[in-house]
Q: 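So that we are looking at the same thing, I have put the structure below in structure tokens.
Sequence lines set the chain letters: A, B, ... in the order given, protein chains first and strands last, and positions in each chain run from 1. This is a predicted model, so every value here is computed, not measured.
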There are 2 protein chains.
Amino acid sequence: MITANAADVDMCEVSVIDRKRVEVARSLMPAIDETDRMAEWFRVLGDPTRTRLLYALLEVGELCVCDLSAVVGATESTVSHSLRWLRAAGIVRARRSGRMMYYSLDDEHVRMLLNLSREHVRHRERGR
Amino acid sequence: MITANAADVDMCEVSVIDRKRVEVARSLMPAIDETDRMAEWFRVLGDPTRTRLLYALLEVGELCVCDLSAVVGATESTVSHSLRWLRAAGIVRARRSGRMMYYSLDDEHVRMLLNLSREHVRHRERGR
DNA sequence: CGCACATATGCACATAGGTTCAAATGTTTG
DNA sequence: CAAACATTTGAACCTATGTGCATATGTGCG
């Protein structure tokens with residue numbers, strides 16, 4: 001009798017060429033909810049307005065919404081909506097001062113991430 | 001008379017609180033087409049299927065489409081569509097061998113990026 | 001050549017998400 | 001309190017895009 005393990009799930013329907021390598025990959029693959037969260041994080045970063053917001057905050061540390069609006073060249077409403085995403089993703093932190101909200105980066109990884117991204121873009125640029 | 005410089009563009013319409021900081025941020029901000037490309041790169045990564053495909057390739061180096069399909073648990077058509085994005089973004093490379101296409105990572109930064117992403121996700125996980 | 005197999009592509013459909021506008025909330029000031 | 005200001009929120013609109021299905025392309029084999 002063949003014992004069923006996690007690696008056999010959903011494998012019967014599709015043709016597999018290198019079964020061994022497939023099983024190794026499946027065993028090393030992160031859990032689905034983990035890759036989902038990772039993808040969601042990237043998706044939040046994957047918008048030009050939000051990328052620009054992050055760069056603005058990266059450079060000067062802290063800015064209110066209307067100043068961010070002036071820096072990135074977007075409506076204050078758009079900026080507010082965008083910041084909502086970034087806040088929900090734990091990338092940005094808000095601080096209230098009077099009627100203004102000051103936003104700043106709240107993620108140690110973002111700085112490195114933006115640098116990596118810029119390197120990638122420039123690397124590709126040279127390739128053309 | 002006030003001289004107009006680059007930093008004044010589009011600044012007249014919105015209210016600015018800290019003009020000095022805004023100008024600094026604007027001068028340090030990457031060009032729009034650069035942030036656009038960065039955002040596009042992130043957007044390509046921002047899909048669960050594609051994230052999982054990258055992890056599969058990260059672990060075992062090279063896989064054909066049907067094996068990738070088995071590893072990530074998606075239709076071969078879906079996998080092919082996803083790989084198309086990754087290839088267009090220069091993240092993945094294809095090699096033909098007979099009737100099979102073998103895919104592998106084609107970006108030095110992706111490995112580091114996925115690690116950063118995973119750290120972020122786990123860091124947030126602990127916070128709750 | 002004709003068939004089987006691996007992959008790619010085009011189309012259709014459903015859903016997600018970005019922007020705008022209008023209105024609401026929260027805050028300072030007179 | 002009322003008015004002005006900074007920001008947020010909700011709804012509507014339109015575009016982008018992920019997936020499934022059918023079909024096309026490419027390749028090896030008899």
Q: Are any of B/T75's side-chain N or O atoms less than 4.0 Å away from OP1 or OP2 of D/dT19?
A: no
Q: I'd like to know if the side chain of B/R52 reaches the main chain of B/L54, judged simply by a donor and an acceptor atom lying under 3.5 Å from each other, with no hydrogens or angles considered.
A: no
Q: Can you check whether B/V44's main-chain N or O pairs, donor with acceptor, with B/R50's side chain at less than 3.5 Å?
A: yes
Q: Please state how far atom CD1 in A/I17 lies from atom C1' in C/dC5, giving the value in whole angstrom units.
A: 9 Å
Q: Has the side chain of B/T51 got a donor or acceptor atom that lies under 3.5 Å from a matching backbone atom of B/L45?
A: yes
Q: Can you pull every protein N or O that's under 3.5 Å from an N or O on nucleotides 8-13 of chain D?
A:
from   : atom 1 : to     : atom 2 : distance (Å)
D/dT8  : OP1    : A/Y103 : OH     : 2.4
D/dT8  : OP2    : A/S80  : OG     : 2.7
D/dT8  : O5'    : A/S80  : OG     : 3.4
D/dT9  : OP2    : A/R84  : NH1    : 2.5
D/dT9  : O5'    : A/R84  : NH1    : 3.4
D/dT9  : O4     : A/S77  : OG     : 3.1
D/dG10 : O6     : A/H81  : NE2    : 2.9

Q: With a sphere of 6.0 Å drawn around CG of A/L28, does it hold more than 12 non-hydrogen atoms of other residues, nucleotides or ligands?
A: yes
Q: Rounded to the nearest 0.5 Å, what separates atom NE2 in A/H109 from atom CG in B/L113?
A: 11.5 Å
Q: Can you tell me the distance, in whole Å, between the OH atom of B/Y102 and the P atom of C/dT7?
A: 8 Å
Q: Would you tabulate the pairs of protein nitrogen or oxygen atoms and nucleotide nitrogen or oxygen atoms of nucleotides 24-30 of chain D closer than 3.5 angstrom?
A:
none

Q: Round to a whole Å and report the spacing from CH2 of A/W85 to C1' of C/dT19.
A: 13 Å
Q: Quick check: closest heavy atoms across A/A74 and A/S69, and the distance to 0.1 Å?
A: O-OG, 2.6 Å
Q: Kindly say whether A/L105 contributes a backbone atom to a donor-acceptor pair with the side chain of A/R93 at under 3.5 angstrom?
A: yes
Q: Assess whether atom CZ of B/R111 is packed by more than 12 heavy atoms of other residues, nucleotides or ligands within 6.0 Å.
A: no
Q: What residue among A/I91, A/L57, A/N115, A/L86 forms side chain to side chain contact (heavy atoms under 4.5 Å, CB included) with A/V110?
A: A/I91
Q: Main chain of B/E23, side chain of B/R21: is a donor-acceptor contact present, judged purely on distance under 3.5 Å?
A: no
Q: Distance check needed: D/dT7 P versus A/R95 CZ, whole Å only.
A: 12 Å
Q: Working to the nearest 0.5 angstrom, can you tell me the gap between B/L83 CG and B/E76 CD?
A: 11.5 Å
Q: Which parts of residues 38-63 of chain A get close to DNA chain C, meaning a heavy atom less than 4.0 angstrom away?
A: A/R43, A/D47, A/T49, A/R50
